[in-house]
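What you see below is based on every heavy atom in this structure, not just the backbone, and it leaves out hydrogens, waters and symmetry mates. To find a chain, count down the sequence lines: A is the first, B the second, and so on, and within it residues start at 1.
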Amino acid sequence: MPLLVVLLSFSVLFLLLPPSLLTLRELLIAKMAKQQQKRQFKKSNKPQKFRKSEVKDGMQITEFKVNQKGRAKKKRFMGRKVVPSKLLQKYSKGEGVELKTIGRKDSCVQNKMKKKEKKIKWAEEESARAEILLTESKGQLEAEEGTYTSHITQTEIKKAVDITSAAKSFDLNLDQFGPYKMQFTQNGRHLLLGGRKGHLASMDWITKKLHYEINVMESIHDVCWLHTEVMMAAAQKQWVYIYDNQGIELHCLKQMDRVLKLEFLPYHFLLCSGSESGFLNWLDVTLGKEVLRTPTHKGRLDVMCQNPYNAVLCCGHPNGTVTMWTPNAPEPVASILCHPHPVRAIDIDHTGMYMATVGVDRQMKIWDARNLGKCLQHYTISSGASNVAFSQKSLLSVAIGNIVEVYRNVTLGGTDHAYMRHKAGGIITDMQFCPYEDILGISTYKGYSSLIIPGSGEPNFDALEANPYISISGRKEAEVKALLSKVPAELITLDPLSIGQVDIPTLKEKLEAKKALLYVRKPKIDFTPRYRMKGKSGSSQKFKRKQKDWKLKAASSKMIQRLKHMDPDHWLDSEAVKFYSPGLLSLLIAVNYLFFPINFGSRLKNIVISITV
Amino acid sequence: MSIKSINVLSRNPDHYMRETKYDIHKVQRNYDPTLHPFEASREYKLALNSVKLEKVFAKPFVGSLTHTEGVSALCRHPSRLSCVFTGTVEGELRLWDISHKKCEWTVQAHSGQIWSIVAAPDGNSFFTVGNDKTIKKWSLDKAKEGDHDLPIDTWLSDTIVTGISHHRHRNEFITCGERVLLWDASNKAPKFSYDWSTSGDRNDASVASIKFNPVETDLFASCDYANNIVLYDTRAKEVKKLKMTLRINALAWNPMEAFILTAASEDYNAYSYDIRKLNTPDQVVNIHKGHTAAVLDVDYSPTGREFCTASYDKSIRIFRTEEAHSRDVYHTKRMFKVSCVLWSGDNKFILSGSSDHNVRLWKSKSNEKMGIMRARERSAINYAEELKRKYGHFPAVRRIARHRHLPKHIYNAKNEQQIMRESRARKDANRLKYSTPGKKVHIPARQKVVVGLQDDGVVGFQDMDNMPGTSTN
C-alpha cells in the first residue's frame, strides 16, 4: 500500500512538472522501475517452505520447492540441543590443558592437544546427553503441610507404597545370637549377617532366599563380603575365616588375628582388617599374600571405614583422631584431630568428598575428606551415636541407641529436623544403606530389620560395575574381568587421579641428571673378584687332600714321638727356631701341647710361621 | 496419614533381564563418574594387560619356503599379492604361490648366482641378472603353465651384472656391475653407459645395487664398493655422488616420500637421506641402529612408514622411518645370514631370504591377528592399541613393550658395541674438553659418517680430492 501511495504522489508530481524537465521525469520513472524490479526479485528469493503437502498411505509427503536460481535452501535445523552447563559439570573430566602454554601457536604439539581436548569435550558432552536414557527416577517422600516427614512411620510407608517395595521392608527376629553385624554386596542384592554368638547367614534379601545359615561356634566380630556373593569373610574370635555361599570354610587367615573390623576394597582385591591390638592389615585375596601389616599404636581398632573414592582406610581412634592409611606406607598419610573424645563411628560418602565422624562428646562433624582439617559442619546430637552411614544419594543416617535418624543435606548446612526417624527393637550395632535400593539395613542386638528410606539409593545402576540382576554366567565373566583389571595396591594414594598426571619432580630430577652426565671420567665400577675355592670340590682333589692330611697327620705323630724322646734344648737348636727366645717358644710349645695334643705338629708349625711373620 | 506423596525405587526385573536365554543380556549403563571410581588406575592396569597380551600374541613366523641353495634375490609381482620370484646362489629361479606356500615353477636361469630379479611394470614379465653376464627376461604366463624353461629374451653384457631396476613406465631398464648401463628393451645393445663411478682411477668401484625412483621416474640411485651413493638422471648424466665412510650394500626409495633414500650400510646401520638436502651437512635424516653386523638389504613397506633390513647377524629388523631404533627384530634358531628381504604388497608380510636355503614368511606386525575379525574383536583391538599409545610412556608399560628376546650372539655383540660406543664418545668428549677452545669441534654423528659430496660442477661442502678413499694412488 505505501508503495502505491508513493507511486500516486510521484505521478501527480510528474503531471505538475514542466516539459523541460521531461528527461528528468523519464529518468525518475526508469529508476523507479528498477527499484520495483529489485523488490520483486527480493520477493522471489524469499525461501518458500514447501510447495504442497499431502497425506498418502498414512504418511505425510511434503514436496519442497526448489529455488529457481538453484541456490541452496537455508538450513532449518539449528543443531542439537545445548547441554546445560550444570549437567556438563557433573561429567567433567577436569579443566583440560591450557593450550597457550604448550608449544608455539598452531604447532604440531598444540594441534595434537587441541584434538585431544576436543575428543574429551565430546566424551563429556555425549555422556551428559546419555542421561536422557536413564530409566528410573529417584525416590522421594513429602509430608502434608504442618507435619514432618520424620513423623511418618515405617508402617505408614509400607501401606502407601506398592507391594514389591513393601516387601523389601522386613524384620528378622534373631534374639538368640545377637548382637549382629551386617553387610550388603556391591550390587545390593545379598545380605550377610553375623551374630556375636556365632550365627553366620547369607541371603538374597530381595527374594528372601537363604543361601546358608551356620553357627561357627565362636564369636563373630565383623563380617564382610569379598568381590562377589560367593565369598565372604568373618572375623572370628582368633582368626579371620573365609566362607563360600554354602557356608563351607575356604580359608583361615592366620595373618589376621583378633580382628574387630573388616573392610574389602573391591577394585584392589584387598581385605583390610583392624585388630584388637591396633594392627592394620591388608591382604591381597587373589594371591593370599599380605601386602602390609602395620601397628597404628593407638589402641583397639574397631572404628574403621574405607574411602570408596581413593581406597584409603580411615580409622577412628580413642584419642579422638582419625588417621588415613594406605598399604604403601607404615605410617598414616593423614591424621586429623576430630574430637576431643574417642571417635565412635566414621563414614565417607561414595564421592569421597565428605567424611562424617561421631564422637563420645555427642558431636557429629562433617569434614571435607579431600581438604583435610576443614570441618564443614558440626551438630550436637542427643547422645553419643554408635554408627553413621552415608547413602549413595548422600543421606546420612545416625544410630543413637535403638533410634536411627536419617538426615538430608547434612553437608550443605544441615536441617533442624531429621528426614526420617525409626525406633528399632534393640540397640543398633550396625547399619548400611543398601546400594541401588531405597533401603537402610540395621542390625541390632535382637536381629535385623530393613527400613524404607525414599530417595536414599542410586536409581540407575551401571551393569558393568554392579548389576543387581546379574546372571550366574554374567557374574563369572564380570569376576574374570575384575580380576584382570585389578588395580595394584601401590596405586592407592590420596589422589587417585595422580597416575594420569605428570610427575614433575621426577622429570626435573631426570633432566638434571641428564645435564650432570658428562663423559669426562669413566664411571668407577665397584668390583670385587669373587672368592673361589680353586678346584677343591672335585672328587680327585678331595682324595688328594685327604691323602695329604693323612700324610701330615702321620708326620706330626712322628714328630710328637720324636719330641717325646728328644731333649728340648737340642730340639730348640734346629734352624727354624733358633732366632727366638727359647723361653717363649717353649712356653708356646707347652701350651700347644696341652691344648692340641693331636695336631701338635701342624700347630707348632703355624706358630713358628706366625712368629716369623 | 500425613504422607502427601511418596515414591520409592521399585524396578521391574523384566526391564533389566532378558526374556529368554536366546536373547542377549541387557546392559543398563549409567555414565555418572561417581559410579566409576579409580578410572585412571583401572585404565592403566588395562593398558598394562594389553601390552602383556601383545607379547603373548607376538608370533611373527608364518612359514618357510624351502630351496636347495642359499637365496640371493627376491622379487614380488607389482599387482598380484601371492606371486613371488626367488633366485638362489646357484642360479635357480623359482616362482612361488605364497598363499599356498607352493613352488609353481623352477628353472635353472643362470650359471652362477642370481644377483637380482625385477618385475616389468605391467607384471607380465620378469628380468633376472646373474653371474654369467646375461640379462634374461621371463614370461610369467609361460612360467605359470609349468614346464617352460627358456627365457623370452636375453641380453648379453660384457661384465658381470649385479643389479637391475626397471623404469616405472618406459620399456627401459638399468643394470649395474662394473658399469652402469641403461638398456632399451627393444635393443640388444645398451643405450647409455654411466661411467662416473667406474671410470679412470676409481676402477675398483663395482656397483652393488641400483634403484629407480618410483615417483621422479627418471632419477635413479646406485651404491658401489667405493662407499659411494650416486644419483643419476636418465635425461642428463650423473647428478650427485655422496661418499660415505663405509660401503653401502643396498638401497631403497621410500615409495610415499620419494625424496627419502634409505641405505643398508656395512657399518651395521641403515641411513636415511633426504636427497633434497644432499648438498647441505644434514643430508642424513636418520641413522637406524640396532644390527650387530653388516646390513645386507633393505626394503620399504608400501605405506612408506616402515622398512625392514636384512643383516649378516642372522636377523631382520623393522624400523619406523622416523625412529632410530628398530620396532621389532625377527630371528629363529635356524635362520642364518639373511641376504635379501621383501615387504609384501599388502603391508602384512615380510619375506626374508637367507643362506640356510630358506625364504621365511613373517607377519609385519608380530601380534596381528590374521583373517576376518568380528566387529567386537576389532574394536577391542583398537581399544587396546589406543591404551598402549596413551600409557606407552609409563615405565612399566614401556619396559614390556620394548623388550625383545635376542639370541645370545646378538645380545652379547650389542652389549660389546655399546661399550665401544660409550668409550668412543667419552674419548671425544674428553678431547673436546681438554683441547684449546675452538680447536676441536663437535661433529654430530650424522655428519661423521659422510665423507663428502661431489656434485656436477658444484664443489661440495668438503673437498672430494682430499678424501682418503678416493686418492689416485
Engineer: Would you confirm whether the ring centroid of B:Phe38 sits within less than 6.0 angstrom of the ring centroid of A:His268?
Structural biologist: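 Ring centroids of A:His268 and B:Phe38 are less than 6.0 Å from each other.
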
Engineer: I'd like to know which of B:Ile6, B:Thr34, B:Leu432, B:Asn49 tops the heavy-atom pair count under 4.5 Å against chain A.
Structural biologist: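 Highest number of heavy-atom pairs under 4.5 Å: B:Ile6.
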
Engineer: With a 4.5 angstrom heavy-atom cut-off, which part of B:Asp32 approaches chain A: side chain, backbone, both or neither?
Structural biologist: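 B:Asp32 touches chain A through backbone and side-chain heavy atoms alike.
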
Engineer: What I'd like to find out is whether the side chain of A:Tyr419 reaches to under 4.5 Å of the side chain of A:Ile453, using heavy atoms alone.
Structural biologist: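 A:Tyr419 vs A:Ile453: side chains touch.
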
Engineer: With a 4.5 Å cut-off on heavy-atom pairs, point out which of A:Leu497, A:Ile452, A:Ile152, A:Ile439 contacts chain B the most.
Structural biologist: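 Maximum pair count with chain B is reached by A:Ile152.
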
Engineer: Testing the 3.5 Å rule here: is there a donor-acceptor pair between the side chains of B:Asn286 and B:Glu323?
Structural biologist: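 Not at all, the side chains of B:Asn286 and B:Glu323 share no donor-acceptor pair under 3.5 Å.
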
Engineer: Decide ring pair (Phe, Tyr, Trp, His ring centres under 6.0 Å) for B:Tyr411 and B:His405; before the verdict, give the C-alpha distance in whole Å, the side-chain angles of both, and the deciding distance to 0.1 Å.
Structural biologist: CA-CA 9 Å; B:Tyr411 182 79; B:His405 171 74; 8.6 Å; no

Engineer: Would you please say whether a donor-acceptor pair under 3.5 Å links the side chains of B:Ser2 and A:His151?
Structural biologist: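 A:His151 and B:Ser2 do not have a side-chain donor-acceptor pair below 3.5 Å.
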
Engineer: Are the charged groups of B:Lys448 and B:Asp428 less than 4.0 angstrom apart, N to O?
Structural biologist: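 The answer is yes: the pair qualifies as a salt bridge.
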
Engineer: Between the side chain of B:Lys45 and the main-chain N/O of A:Lys486, is any donor-acceptor distance below 3.5 Å?
Structural biologist: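 Yes.
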
Engineer: Given the options A:Ser498, A:Gly139, A:Ser92, which has more heavy-atom pairs under 4.5 Å with chain B than any of the others?
Structural biologist: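 With the most close heavy-atom pairs to chain B, the winner is A:Gly139.
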
Engineer: Which atoms of A:Ala143 are under 4.5 Å from chain B, going by heavy atoms: the side chain, the backbone, both sets, or neither?
Structural biologist: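 Interface part for A:Ala143: both.
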
Engineer: Checking A:Glu131 against chain B: side chain, backbone, both or neither under 4.5 Å from a heavy atom?
Structural biologist: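 Contact with chain B involves no heavy atom of A:Glu131 at all.
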
Engineer: Only one of A:Trp205, A:Tyr436, A:Phe433 forms a ring pair (Phe, Tyr, Trp, His ring centres under 6.0 Å) with A:Phe184, so which one is it?
Structural biologist: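 That would be A:Trp205.
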
Engineer: Under a 4.5 Å cutoff for heavy-atom pairs, which residue among A:Ala130, A:Ala311, A:Ser127 has the most contacts with chain B?
Structural biologist: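 Winner by heavy-atom pair count: A:Ala311.
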
Engineer: For B:Leu46, is it the side chain, the backbone, both or neither that has a heavy atom under 4.5 Å from a heavy atom of chain A?
Structural biologist: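 The answer is the side chain of B:Leu46.
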
Engineer: Which atoms of B:Phe394 come close to chain A, meaning under 4.5 Å heavy atom to heavy atom: side chain ones, backbone ones, both, or neither?
Structural biologist: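 The answer is the side chain of B:Phe394.
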
Engineer: Once you measure the plane-to-plane angle for A:Phe269 and A:Phe264, does it fall in the parallel (<30°), tilted (30-60°) or perpendicular (>60°) bin?
Structural biologist: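 Judged by the thresholds at 30° and 60°, the geometry between A:Phe269 and A:Phe264 is perpendicular.
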
Engineer: Using a cut-off of under 4.5 Å for heavy-atom pairs, which of A:Ser473, A:Pro459, A:Ser471 has the most such pairs with chain B?
Structural biologist: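 The option with the most such pairs is A:Pro459.
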
Engineer: Select one option (side chain, backbone, both, neither) describing which atoms of A:Lys138 are under 4.5 Å from chain B's heavy atoms.
Structural biologist: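 For A:Lys138, the backbone is the part near chain B, not the side chain.
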
Engineer: Checking B:His36 against chain A: side chain, backbone, both or neither under 4.5 Å from a heavy atom?
Structural biologist: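 Answer is both: backbone and side chain atoms of B:His36 are under 4.5 Å from chain A.
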
Engineer: Non-hydrogen atoms of chain B under 4.5 Å away: do they reach the side chain of A:Leu141, the backbone, both or neither?
Structural biologist: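 The answer is both parts of A:Leu141.
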
Engineer: Measure distances from A:Tyr309 to the heavy atoms of chain B and classify the residue's part below 4.5 Å as side chain, backbone, both or neither.
Structural biologist: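 The answer is the backbone of A:Tyr309.
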
Engineer: Is a salt bridge present between A:Arg129 and A:Glu125, judged by a nitrogen-to-oxygen distance below 4.0 Å?
Structural biologist: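 Looking at A:Glu125 together with A:Arg129, the answer is yes, because their closest N to O distance falls below 4.0 Å.
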
Engineer: Let me know if A:Glu465 has heavy atoms under 4.5 Å from chain B in its side chain, its backbone, both or neither.
Structural biologist: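 Contact with chain B involves the side chain of A:Glu465 alone.
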
Engineer: Need one label for B:Arg11: side chain, backbone, both or neither, based on atoms under 4.5 Å from any heavy atom in chain A.
Structural biologist: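 Contact with chain A: backbone and side chain both.
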
Engineer: Counting only heavy atoms closer than 4.5 Å, note whether B:Glu43 contacts chain A via side chain, backbone, both or neither.
Structural biologist: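 Nothing of B:Glu43, per the 4.5 Å heavy-atom cut-off to chain A.
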
Engineer: If you count heavy-atom pairs under 4.5 Å with chain B, which of A:Ile470, A:Asn467, A:Thr164, A:Asp162 comes out on top?
Structural biologist: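 When all of A:Ile470, A:Asn467, A:Thr164, A:Asp162 are compared, A:Asp162 has the most.
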
Engineer: Less than 4.0 angstrom from a charged side-chain N to a carboxylate O is my criterion; do B:Asp282 and B:Arg446 meet it?
Structural biologist: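 No, no charged N to carboxylate O under 4.0 Å.
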
